[in-house]
Amino acid sequence: MLLIHNRPGFVEELTEAEREALFGEVDAIMKELTESGELVGGNALADPSRTKTVRAGKDGRPAVTDGPFPEAKEHFAGYIMVDCESAERAVEIAARWPDVRHGGHMEVRAIMHEAGTEM
């Protein structure tokens, strides 16, 4: 799974032409992954302002707060699931994702199978 973390507001800082180019890159990568059969699925996430974070509260009951961690410079923006021949191929795909060039990062994580032997 490729976890997309981006810098809030970076898209709004781009010119219209830069935005079109960025989204064109994403479309090209997604088309390539679809055609190669590597794309399993994925989704963008809603703005972090619509997020709820749940932690253990002092009294043992859940404490719910608005948004993600306030100290974070990036937020979790979406994910792509790929079925690749190797971890190196997944890293190659993540390195091409345009958000990385704009202050974000991609986290490449293996997905555990039901047996959980990957832990």
Please indicate whether Arg109 has more than 12 foreign heavy atoms, meaning atoms of other residues, nucleotides or ligands, lying under 6.0 Å from its CZ.
no
Nearest 0.5 Å, please: how far is CE in Met1 from CE in Met112?
12.5 Å
Can you name the nearest heavy-atom pair linking Arg55 to Thr65, along with the distance?
NH1-OG1, 3.7 Å
Establish whether Leu39 and Ile29 are linked, either directly or via other cluster members, by ILVMFWY side-chain heavy-atom contacts under 4.5 Å.
yes
Which pair of non-hydrogen atoms, one from Asp47 and one from Ser49, has the smallest distance, and what is that distance?
OD2-OG, 2.7 Å
Please report the closest heavy-atom contact between Ile111 and Met81, naming both atoms and the distance.
CD1-CE, 3.6 Å
With a 6.0 Å cut-off (strictly less than), is the heavy-atom count around CD of Glu16, excluding the residue itself, greater than 12?
yes
Sequence neighbours excluded, the answer for ring-ring contact (aromatic ring centres under 6.0 Å, His included) partners of Phe10 is His102
Could you report the tightest heavy-atom contact between Ile4 and Asp99, atom names first, then the distance?
CG2-OD2, 3.9 Å
Should Val108 and Trp97 be regarded as members of a common hydrophobic cluster, given that ILVMFWY residues are connected when their side-chain heavy atoms come within less than 4.5 Å of each other, either directly or indirectly?
yes
Do Tyr79 and Val100 belong together in a cluster built from hydrophobic side chains that touch within less than 4.5 Å?
no
Atom pair CE (Met30) and CD1 (Ile93), whose distance is rounded to the nearest 0.5 Å:
10.5 Å
CG on Asp27 to CG on Leu22, rounded to 0.5 Å:
9.5 Å
Sorted by chain and number, sequence neighbours left out, side-chain contact (heavy atoms from CB on, under 4.5 Å) with Arg101 holds for Glu25, Pro98
What are the two closest heavy atoms between Leu2 and Ala90, and how far apart are they?
CD2-O, 3.8 Å
Approximate separation, where rounding is to 0.5 Å, of Thr51 OG1 and Phe76 CZ:
10.5 Å
When rounded to the nearest 0.5 angstrom, what is the spacing between CG in Leu33 and CZ in Arg89?
6.0 Å
For Glu18 and Leu14, the nearest pair of non-hydrogen atoms, with its separation, is OE1-CA, 3.3 Å
